[in-house]
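These notes concern the structure reproduced below.
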Amino acid sequence: MPVDQSHTSSPSIRVRFAPSPTGLLHVGGARTALFNWLFARHSGGTFILRIEDTDRTRFDANALRDILDSLRWLGLNWDEGPDVGGPHAPYLQSERLHIYREHAQQLLASGHAYYCFCSPERLDSLRSQQSIQTGYDRRCRNLSTSQVQRELDARTPYVIRFKMPLDGTTDFHDLIRGPISYPNTQQDDFVLLKTDGFPTYHLANVVDDHLMRISHVLRGEEWIPSTPKHVRLYDAFGWSPPVFAHLPVILAPGGGKLSKRHGAAAVAEYRALGYLPDALVNFLALLGWSLGPDRELASRDELIREFSLENVSKTAAQFNHEKLNWMNATYIRSLPLNQLAALVWPYLAQAGLVSDATPLDSIFPALKLAQERMQLLSDAVPQMRCFLADEIDYDPAAVKKFLSHHAVASHLRALMQRFAAIPDSHFTPAYLEPVINAYVAESGQSLKHVVHPLRVAVTGKAASPGIFETLACIGKRRTIARIAYALEHFAPTLPQSQ
RNA sequence: GGCCCGUUAGUCUAGUGGCUAGGACGCAUGGUUCUCAUCCAUGAAGCAGGAGUUCAAUUCUCCUACGGGCUGCCA
């Protein structure tokens with residue numbers, strides 16, 4: 001077994017997931033959270049949830065609730081966070097404003113930052129005049145003390161900007177990608193503190209990561225270009241930076257950004273559709289990481305045991321719905337009936353197939369048949385409808401194909417009579433099979449010529465579980481009623497005698 | 001445009017300076033069978049292209065192409 005160096009050499013591994021509550025938690029964010037969580041759990045470290053709500057214009061209380069709900073649903077429990085607290089509370093950045101202001105002042109005092117009085121309008125026109133984007137022109141970088149004081153006295157709105165080095169490079173090491181180097185001429189004098197007194201991501205993120213003693217920053221690769229800013233900030237504060245590991249992004253099927261256009265993107269949507277959290281976790285874990293050769297399925301504990309940043313891949317991965325569906329189906333099949341019944345219940349209830357008065361175990365027989373035919377929990381509704389509902393819909397194509405032949409009516413009539421003769425308590429697969437086989441033999445038909453029409457008559461569909469199980473599950477009363485209905489409505493009328 | 005990151009079948013991936021480049025999803029065919037699903041078996045399908053280093057490159061280096069990201073008082 002490989003020895004995990006990071007575990008032995010640094011006893012306090014602390015990682016964080018730091019979402020911004022501006023929208024529902026999407027699968028990309030969930031994957032980032034998952035890798036942080038797996039890394040923390042694997043190493044016996046601490047997983048922290050920090051909410052980066054520093055953008056007041058985009059804040060969404062709904063999103064905040066959704067992020068917590070979705071993470072909980074996925075089972076990614078956090079050790080410190082806005083709701084559970086912790087030694088570095090608060091974990092909501094909007095409640096830590098004074099900390100960022102103090103730190104901005106500190107950088108001002110040490111000469112690493114400066115007041116900028118440029119208006120948004122000026123910056124806009126600056127940008128529109130630039131044929132190539134070169135960022136802020138640093139107009140306020142060298143204002144004299146008296147000029148600054150004059151503006152301050154005049155109460156001119158300002159931001160505080162960071163003084164990036166004007167030449168040289170900023171280098172850092174990425175655990176997944178190795179050394180990365182950026183020319184400083186590419187870097188802007190980015191804003192630390194906005195006019196409204198809120199910090200930007202860069203300031204708040206660095207300050208909090210330091211204060212919260214974050215040891216490893218695992219985040220999406222879209223953050224690579226701003227890492228030099230962060231490295232410079234750590235430097236200016238005199239702090240040593242955490243280990244950086246930038247995770248590959250998740251792309252939509254076919255490439256490109258993940259969005260609604262490509263189907264579900266939010267965790268909540270997958271949840272509503274009937275995916276199991278274990279399946280989604282397993283699937284997401286395999287996007288950008290692998291268990292090693294020949295392994296796809298793994299429980300949470302196995303994922304935790306096996307997880308390592310060493311084998312996180314560098315390449316962006318496309319989200320593949322077919323594989324997720326396959327995985328969800330295998331997880332569904334592995335569930336004990338009582339658990340599956342509870343999970344499927346809300347869907348059945350919503351479809352009116354069960355009510356509060358329905359005993360849970362009453363759906364077990366039907367569920368057992370549906371179980372290996374479901375990919376989503378919601379599939380229970382179409383799969384189980386013919387077993388749980390009195391009324392069923394008939395698929396016109398199936399009716400046309402299997403109920404329109406002349407021999408059908410006589411078969412159905414004969415079977416209906418024989419079924420009627422079976423005692424209620426014997427209406428079981430084991431009892432039905434010989435009954436039907438006997439009829440098939442007597443009538444000189446092949447089994448399928450009898451079974452297919454029967455199936456359509458009692459289920460309304462051309463496909464169903466095995467006919468004997470299906471009949472038994474539907475029950476004697478409904479079976480006979482449906483055959484009668486089919487005879488009356490679909491089967492061609494034939495002379496009584498045959 | 002500039003900068004940065006990346007490139008193994010359609011997709012997710014394993015892997016090595018020398019192997020028939022392995023697995024999974026999906027797809028195809030066959031088996032089981034009353035249909036569907038499951039299950040089993042088999043098959044098609046890949047190292048982006050070009051230089052170089054080397055006895056030998058999918059593996060190392062460079063270039064090109066392609067993909068992605070950043071270039072905000074968003075995160």
Side-chain angles (χ1 to χ4, degrees), chain A residues 18-23 52-55 57-58 116 118-120 123-124 127 130-136 157-161 174 176-177 180-183 185-188 190-196 198-202 204-205 219-228 246 248-249 251 253-257 283 286-297 311 313-327 329-330 333 369-375 383 398 402 433 436 440 446-452 454-456 459 461-468 470:
Chain A
S20 179
T22 55
E52 310 220 323
D53 55 343
T54 54
D55 184 345
T57 61
R58 293 205 303 156
C116 171
C118 294
S119 66
L123 296 178
D124 280 347
R127 261 189 290 274
Q130 291 170 340
S131 52
I132 51 172
Q133 297 299 321
T134 53
Y136 177 56
Y158 64 86
V159 300
I160 295 176
R161 288 183 182 272
D174 186 287
I176 295 169
R177 284 150 220 278
I180 297 178
S181 177
Y182 273 84
T185 50
Q186 282 299 310
Q187 298 293 334
D188 215 0
F190 59 97
V191 172
L192 296 168
L193 209 64
K194 308 179 216 175
T195 304
D196 64 5
F198 277 63
T200 59
Y201 169 84
H202 305 297
N205 187 264
R219 64 195 352 174
E221 67 174 319
E222 68 271 21
W223 292 106
I224 292 177
S226 44
T227 305
H246 289 95
V249 291
L251 268 21
K257 262 187 125 153
F283 175 76
L286 262 28
L287 247 32
W289 179 68
S290 78
L291 282 156
D294 308 356
R295 290 199 60 195
E296 304 287 332
L297 269 9
N311 7 312
S313 79
K314 301 176 181 63
T315 67
Q318 291 186 28
F319 198 94
N320 182 260
H321 289 279
E322 282 76 35
K323 188 155 184 175
L324 205 213
N325 286 343
W326 163 77
M327 201 169 265
T330 79
R333 265 181 263 123
L369 297 180
Q371 185 171 27
E372 71 183 29
R373 274 159 266 258
M374 295 164 55
Q375 288 198 318
Q383 289 293 340
F402 293 111
E433 182 163 358
I436 290 175
V440 167
S446 67
L447 183 63
K448 60 180 65 173
H449 284 123
V450 173
V451 163
H452 290 333
L454 179 58
R455 167 174 290 112
V456 177
T459 69
K461 307 281 186 289
S464 84
I467 191 66
F468 311 120
T470 296

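Residue numbering restarts at 1 for every chain, and letters A, B, ... go by the order of the sequence lines.
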So which nucleotide does [N] pair with, by the Watson-Crick or G-U wobble rule with both distances under 3.5 Å?
N: B:C70; answer: B:G2
N: B:C19; answer: none
N: B:U58; answer: none
N: B:A28; answer: B:U42
N: B:U35; answer: none
N: B:A48; answer: B:U64

As a test of reading the structure: which of [options] is closest to the side chain of [X], going by heavy atoms?
X: A:S290; options: B:C74, B:U11, B:U13; answer: B:U13
X: A:F468; options: B:C34, B:G69, B:U35; answer: B:C34
X: A:D294; options: B:G2, B:U13, B:G23; answer: B:G23
X: A:T54; options: B:A14, B:C25, B:A75; answer: B:A75
X: A:Q186; options: B:G23, B:C74, B:G2; answer: B:G2
X: A:R455; options: B:C34, B:C73, B:C25; answer: B:C34

What's the [atom1]-[atom2] distance between [X] and [N], to the nearest Å?
X: A:F319; N: B:C25; atom1: CZ; atom2: C1'; value: 13 Å
X: A:H202; N: B:C73; atom1: NE2; atom2: C1'; value: 11 Å
X: A:W223; N: B:C74; atom1: CH2; atom2: C1'; value: 8 Å
X: A:N320; N: B:G26; atom1: CG; atom2: P; value: 9 Å
X: A:F198; N: B:A75; atom1: CZ; atom2: P; value: 11 Å
X: A:L291; N: B:G15; atom1: CG; atom2: P; value: 12 Å
X: A:L287; N: B:C25; atom1: CG; atom2: C1'; value: 12 Å
X: A:E222; N: B:U71; atom1: CD; atom2: P; value: 11 Å

Any non-hydrogen side-chain atom of [X] less than 4.5 Å from a side-chain atom of [Y]?
X: A:N325; Y: A:F283; result: no
X: A:P199; Y: A:E52; result: no
X: A:E296; Y: A:T330; result: no
X: A:I180; Y: A:T227; result: no

Gap separating the CG atom of A:L447 from the CD1 atom of A:I436, nearest 0.5 angstrom: 8.0 Å

Using a 4.0 Å heavy-atom cut-off, does [X] contact any base of the nucleic acid, only the sugar-phosphate backbone, or nothing at all?
X: A:L454; answer: nothing
X: A:P228; answer: nothing
X: A:I467; answer: base
X: A:G288; answer: sugar-phosphate
X: A:V191; answer: sugar-phosphate
X: A:A317; answer: sugar-phosphate

When the [atom1] atoms of [M] and [N] are compared, how many Å lie between them, rounded to an integer?
N: B:A24; M: B:G15; atom1: C1'; value: 15 Å
N: B:U71; M: B:C62; atom1: C1'; value: 27 Å
N: B:U29; M: B:G22; atom1: C1'; value: 23 Å
N: B:G10; M: B:G26; atom1: C1'; value: 8 Å
N: B:U13; M: B:U54; atom1: P; value: 35 Å
N: B:A57; M: B:A21; atom1: C1'; value: 13 Å
N: B:A41; M: B:U32; atom1: C1'; value: 11 Å
N: B:A65; M: B:G50; atom1: C1'; value: 10 Å

Under 4.0 Å between a side-chain N or O of [X] and OP1 or OP2 of [N]?
X: A:T57; N: B:C74; result: no
X: A:S226; N: B:C70; result: no
X: A:R161; N: B:C73; result: yes

Whether the side chain of [X] engages the backbone of [Y] through a donor-acceptor N/O pair (distance < 3.5 Å, no angle test) should be reported.
X: A:T54; Y: A:F198; value: no
X: A:T22; Y: A:R58; value: no
X: A:Q318; Y: A:G254; value: yes
X: A:E221; Y: A:H246; value: no

Tabulated below should be each protein N or O lying under 3.5 Å from an N or O of nucleotides 4-8 of chain B; please produce it.
from : atom 1 : to     : atom 2 : distance (Å)
B:C4 : O4'    : A:Y182 : OH     : 3.3
B:C4 : O2'    : A:Y182 : OH     : 2.8
B:C5 : O2'    : A:R177 : NH1    : 2.6

For A:P465 and for A:D55, locate the closest nucleotide of RNA chain B by heavy-atom distance; then report the residue assigned to the nucleotide nearer the 5' terminus. A:P465

5' priority, RNA chain B, between A:E322 and A:T22 [closest heavy atom]: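 Its nucleotide being nearer the 5' end, the pick is A:E322.
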
Polar atom pairs between nucleotides 37-42 of chain B and protein, under 3.5 Å, N or O only, would you list them?
from  : atom 1 : to     : atom 2 : distance (Å)
B:A37 : O2'    : A:E372 : O      : 2.3
B:A37 : N1     : A:E372 : OE2    : 3.3
B:A37 : N3     : A:E372 : OE2    : 2.6

Looking at B:G23, does its base get a donor-acceptor pair with the side chain of A:E296 below 3.5 Å? yes

Quick one: do A:F402 and A:V451 satisfy side-chain contact (heavy atoms from CB on, under 4.5 Å)? Show the steps, please. CA-CA 10 Å; A:F402 293 111; A:V451 163; over 6 Å; no

Mutual orientation of the aromatic rings belonging to A:F190 and A:H202 [parallel < 30°, tilted 30-60°, perpendicular > 60°]: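 If you compare the ring of A:F190 with that of A:H202, the planes turn out perpendicular.
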
On the six-membered ring of A:Y136, is A:R161 placed so that its NZ or CZ lies under 6.0 angstrom from the centre and within 45° of the ring axis? yes

Looking at every non-hydrogen atom in both residues, tell me the closest pair between A:L286 and A:M327 and how far apart they are. CD2-CE, 3.9 Å

